[in-house]
Amino acid sequence: MARWAITIHGGAGVDPKLPEQSQEEAKRVLARCLQIGVDALRAGSSALDVVEAVVRELETDPFFNSGRGSALTRRGTVEMEASIMDGRGRRCGAVSGVSTVKNPVSLARRVMENSPHSYLAFEGAEEFARDQGLETVDNSYFITEDNIGMLKLAKEANTILFDYRIPDTCSALAGADNHKNGMVMNGLPISIYAPETVGCAVVDSNGFCAAATSTGGLMNKMTGRIGDSPLIGSGTYACDLCAVSCTGEGEAIIRSTLARDVAAVMEYKGLALQEAVDFCVKERLDEGFAGLIAVSKTGEVAYGFNCTGMFRGCATEDGFMEVGIWE
């Protein structure tokens with residue numbers, strides 16, 4: 001029997017001025033969701049079932065940017081995306097532009113298991129969700145008062161707003177010179193780098209790996225924008241060696257196919273899991289900023305990021321458990 005292990009994240013690139021109260025709330029949410037995964041693994045659940053269950057819980061809690069609490073488009077609506085991948089046979093499913101499905105990660109799994117396709121988007125994904133009998137809600141369910149206020153600030157600043165949960169920082173945003181801080185996305189200035197995508201990577205007691213990622217994307221993003229989270233090989237990847245979920249600057253993660261690269265350097269360079277993570281974060285992101293979590297088939301856990309902090313947690317069969325934000 002293999003050793004099971006689980007790791008989760010709630011986004012990379014944390015404002016160093018994040019209030020202590022918000023830090024503690026983030027840790028409480030991560031610890032609760034991590035425990036759900038641990039309990040399921042102890043009961044013998046499969047890696048695929050566990051990553052879905054944990055990400056569903058993260059989607060349901062409004063603290064992070066997925067499901068309820070998702071970032072808003074410039075139109076003030078929510079367009080969510082998610083993906084899931086089973087290392088057994090590298091089966092995968094993904095969705096984008098979802099606006100009424102309560103748990104996009106479950107829709108992604110239905111795409112994988114109950115459709116002839118790997119990826120559905122917008123109205124096609126919504127129609128498939130209804131056909132599958134998944135729970136749907138009005139788009140307003142996902143929208144919080146905090147996010148309405150943050151969208152207003154982002155529009156006033158004429159920028160894509162990443163860390164939309166820090167009022168003290170956002171209040172000065174409109175007067176900031178974004179070019180001076182050197183933070184850009186595809187050459188365009190942005191404000192503060194702190195996206196809060198959620199993800200989970202698991203290896204079960206049979207040595208099978210799985211990963212899932214879910215997000216609302218960027219505050220004040222263009223309608224129709226698709227990031228890395230639903231793109232297999234970029235934001236999510238699982239195979240017989242490992243499982244990976246990424247978070248951060250989506251456009252940089254897409255360019256580097258970051259999740260797949262972790263598995264590739266393990267396979268082709270013979271690196272151990274943490275070595276592979278470190279290599280990819282250091283060598284594959286060019287000028288981008290991101291973080292990732294990973295597990296190996298032998299029960300190792302690893303993470304890495306090249307920005308300030310990453311909301312994360314992990315647990316292993318031998319009793320180790322950790323929730324953290326900073327280095």
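Nothing here was measured: the structure is a model prediction, and the numbers come from that model. By convention here, the first residue in the shown sequence is residue 1. Note that these values count all heavy atoms, side chains included, but never hydrogens, waters or copies made by symmetry.
Separation of atoms CZ (R260) and SG (C242) is listed at 8.5 Å; rounding is to 0.5 Å. Atoms CE and CG, from M80 and N103 in turn, are 9.0 Å apart once rounded to the nearest 0.5 Å. Rounded to the nearest 0.5 angstrom, T247 OG1 and I253 CD1 are separated by 6.0 Å. Rounding to the nearest 0.5 Å places OG1 of T77 at 11.5 Å from CZ of F142. Separating the CZ atom in R284 from the CZ atom in R255 is a distance of 14.0 Å, to the nearest 0.5 Å.
Counting only heavy atoms from C-beta outward, the side chains of E59 and F64 never approach each other to under 4.5 Å. Between L30 and I8 the shortest side-chain heavy-atom distance falls below 4.5 Å. The shortest side-chain heavy-atom distance between K155 and M219 does not fall under the 4.5 Å cut-off. With contacts defined as side-chain heavy-atom distances shorter than 4.5 Å, the pair K27/I325 qualifies. Counting only heavy atoms from C-beta outward, the side chains of I84 and L48 approach each other to under 4.5 Å. I254 has its side chain within reach of L231: a pair of non-hydrogen atoms, C-beta onward, lies under 4.5 Å apart. Proximity of N147 to L151: side-chain heavy atoms (C-beta onward) are nowhere separated by under 4.5 Å. Under the 4.5 Å side-chain criterion, counting only non-hydrogen atoms from C-beta, V98 is not in contact with E81.
When all heavy atoms are compared, the tightest approach of C92 to M85 is CB-CG, 3.9 Å. Across all their heavy atoms, C307 and F289 have their closest contact at CB-CD2, 4.0 Å. Closest approach of Y237 to A211, counting heavy atoms only: O-CB, 3.8 Å. Closest non-hydrogen pair, G67 versus S70, comes out as O-OG, 2.7 Å. Counting all heavy atoms, side chain and backbone alike, E249 lies closest to G288 at OE1-CA, 3.5 Å. Nearest heavy atom pair, residue V198 against residue S66, reads CG2-OG, 3.4 Å.
Residues D146 and T144 have side chains that never bring a donor and an acceptor to within less than 3.5 angstrom of each other. If you check the side chains of T136 and T100, you find no donor sitting under 3.5 Å from an acceptor. No hydrogens or angles considered: nothing links the side chains of T257 and S234 as a donor-acceptor pair under 3.5 Å. Donor-acceptor pairing under 3.5 Å is recorded for the side chains of S106 and R56. When only modelled atom types and interatomic distance are considered, S229 and T213 share no side-chain donor-acceptor pair under 3.5 Å.
With a 6.0 Å radius and a threshold of 12 heavy atoms from other residues, nucleotides or ligands, R90 has its CZ atom at or below the threshold.
In this structure, E251 pairs ionically with R225, as a charged nitrogen and a carboxylate oxygen lie closer than 4.0 Å. The pair R74-E79 fails the salt-bridge criterion, with no side-chain N (NZ, NE, NH1 or NH2) lying under 4.0 Å from an Asp/Glu carboxylate O. A salt bridge links D61 with R32; the closest basic N to acidic carboxylate O contact falls under 4.0 Å. E113 has a carboxylate O that lies under 4.0 Å from a charged side-chain N of R109, or vice versa, which qualifies the two as a salt bridge.
Hydrophobic cluster membership differs between V301 and V50, with clusters built from Ile, Leu, Val, Met, Phe, Trp and Tyr side chains linked at under 4.5 angstrom. The cluster map of Ile, Leu, Val, Met, Phe, Trp and Tyr, joined by side-chain heavy atoms under 4.5 Å apart, puts V281 and V244 in the same cluster. Cluster membership for M310 and V14, using ILVMFWY side-chain heavy atoms within less than 4.5 angstrom, is not shared. V203 and L273 fall into different hydrophobic clusters, defined by Ile, Leu, Val, Met, Phe, Trp and Tyr side-chain heavy atoms under 4.5 Å apart, directly or through other members. When hydrophobic clusters are built by joining Ile, Leu, Val, Met, Phe, Trp and Tyr residues whose side-chain heavy atoms come closer than 4.5 Å, directly or via intermediates, I6 is grouped together with F311.
A cation-pi arrangement is not found for K297 relative to F208, the charged atom failing to lie both closer than 6.0 Å to the ring centre and inside a 45° cone about the ring normal. Cation-pi check for R68 over Y141 is met; the charged atom lies under 6.0 angstrom from the ring centroid and within 45 degrees of its normal.
With respect to C200, the side-chain contact (heavy atoms from CB on, under 4.5 Å) criterion is satisfied by exactly one of V51, V105, V295: V51.
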